[in-house]
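Read the structure below first, then the notes.
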Amino acid sequence: MKAILLIHGPNLNLLGKRDAAHYGGATLEDIEALVKSESEQLGYAMKAFQSNHEGALIDFLQKESPNAAGIIINPGALTHYSYALHDAIADAGLPAVEVHLSDINSREDWRKISVIAPACVAQVRGKKEEGYREAVGMLHSHLSKKT
Ligand code: DQA
């Protein structure tokens, strides 16, 4: 059973304590449990990773992607400037869905830019933790089309 990699970037370990108006009230643990259960219902394992460090996220992608089915990633603020993360996602060669709890398009101008979007098959934003459920579904339909 191949895994969906669920990857979170900087500050997302503090979900539940961050501004609920933007990010909702779910903790990272809640989100990981939700994605695990949605993934397992569709026949995937789930492997979660969070780091506040860009290089650690890239190391995880390089190590785990050869045995994975797809990626769900919320890179936090790295979304807006990490070309290295863009390249790591592209090099993984797996379908990736980018998720943002808040609607990055209706916040500061600098948040409207996602440099990782071109390496992803879809972006879900502004739906708080429910966005992750949608992301698992999107990844699954993408993978089902391919086979
Ligand atoms: C975020 C949006 C980013 O701009 C921000 O830096 C985050 C979280 C979101 O989930 O809405 O940390 O990715």
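Everything quoted here is computed from the prediction, not taken from an experiment. Below, each value reflects all heavy atoms present in this structure, side chains not excepted, and no hydrogens, waters or symmetry copies. One-based numbering, in listed order, for ligands and for the atoms of each.
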Check each atom of ligand 1 against the heavy atoms of [X] and keep those under 4.0 Å away; list them by number with element.
X    : answer
N74  : 1 (C), 9 (C), 10 (O), 13 (O)
H80  : 3 (C), 4 (O)
I104 : 2 (C)

For [X], which part has a heavy atom under 4.0 Å from ligand 1: side chain, backbone, both, or neither?
X    : result
N11  : neither
H8   : neither
H100 : both

>> Tell me if the CD atom of E29 is crowded by more than 12 foreign heavy atoms within 6.0 Å.
In response: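 Open.
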
[atom]: the protein heavy-atom neighbour that sits closest, reported with distance to 0.1 Å:
atom                    : result
atom 11 (O) of ligand 1 : S102 OG, 2.6 Å
atom 12 (O) of ligand 1 : R18 NH1, 3.0 Å
atom 5 (C) of ligand 1  : R111 NH1, 3.3 Å
atom 8 (C) of ligand 1  : Y23 CE2, 3.5 Å

> Would you call the rings of F49 and F60 parallel, tilted or perpendicular, where under 30° means parallel and over 60° means perpendicular?
Replying inline: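 Rings of F49 and F60: parallel, under 30°.
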
> H80 vs W110 aromatic rings, parallel, tilted or perpendicular, using cut-offs 30° and 60°?
Replying inline: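 Aromatic pair H80/W110 classed perpendicular.
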
> Going through the distances and angles, do E32 and K36 end up as a salt bridge (Lys or Arg N to Asp or Glu O under 4.0 Å)?
Replying inline: CA-CA 6 Å; E32 289 176 352; K36 185 172 172 14; over 6 Å; no

> Pick from R133, K127, K128: which one makes a salt bridge (Lys or Arg N to Asp or Glu O under 4.0 Å) with E130?
Replying inline: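 Only one of R133, K127, K128 forms a salt bridge (Lys or Arg N to Asp or Glu O under 4.0 Å) with E130, namely R133.
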
>> For a quick test of reading the model, state the closest non-hydrogen atom pair linking P75 to L85 and the distance between them.
In response: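 That would be CB-CD2, 3.6 Å.
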
> Mind checking whether L101 has an N or O less than 3.5 Å away from an N or O of ligand 1?
Replying inline: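 Between L101 and ligand 1, an N or O pair is found under 3.5 Å apart.
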
> Any N/O of P10 closer than 3.5 Å to an N/O of ligand 1?
Replying inline: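 The answer is no, given that P10 and ligand 1 share no N or O pair closer than 3.5 Å.
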
> Would E98 and T79 count as having a side-chain donor-acceptor pair, cut-off 3.5 Å?
Replying inline: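 No, no side-chain donor-acceptor pair sits under 3.5 Å.
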
>> Is it the case that the side chains of N52 and E54 hold a donor-acceptor pair, with the cut-off being a distance below 3.5 Å and no angle test?
In response: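 No, no side-chain donor-acceptor pair sits under 3.5 Å.
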
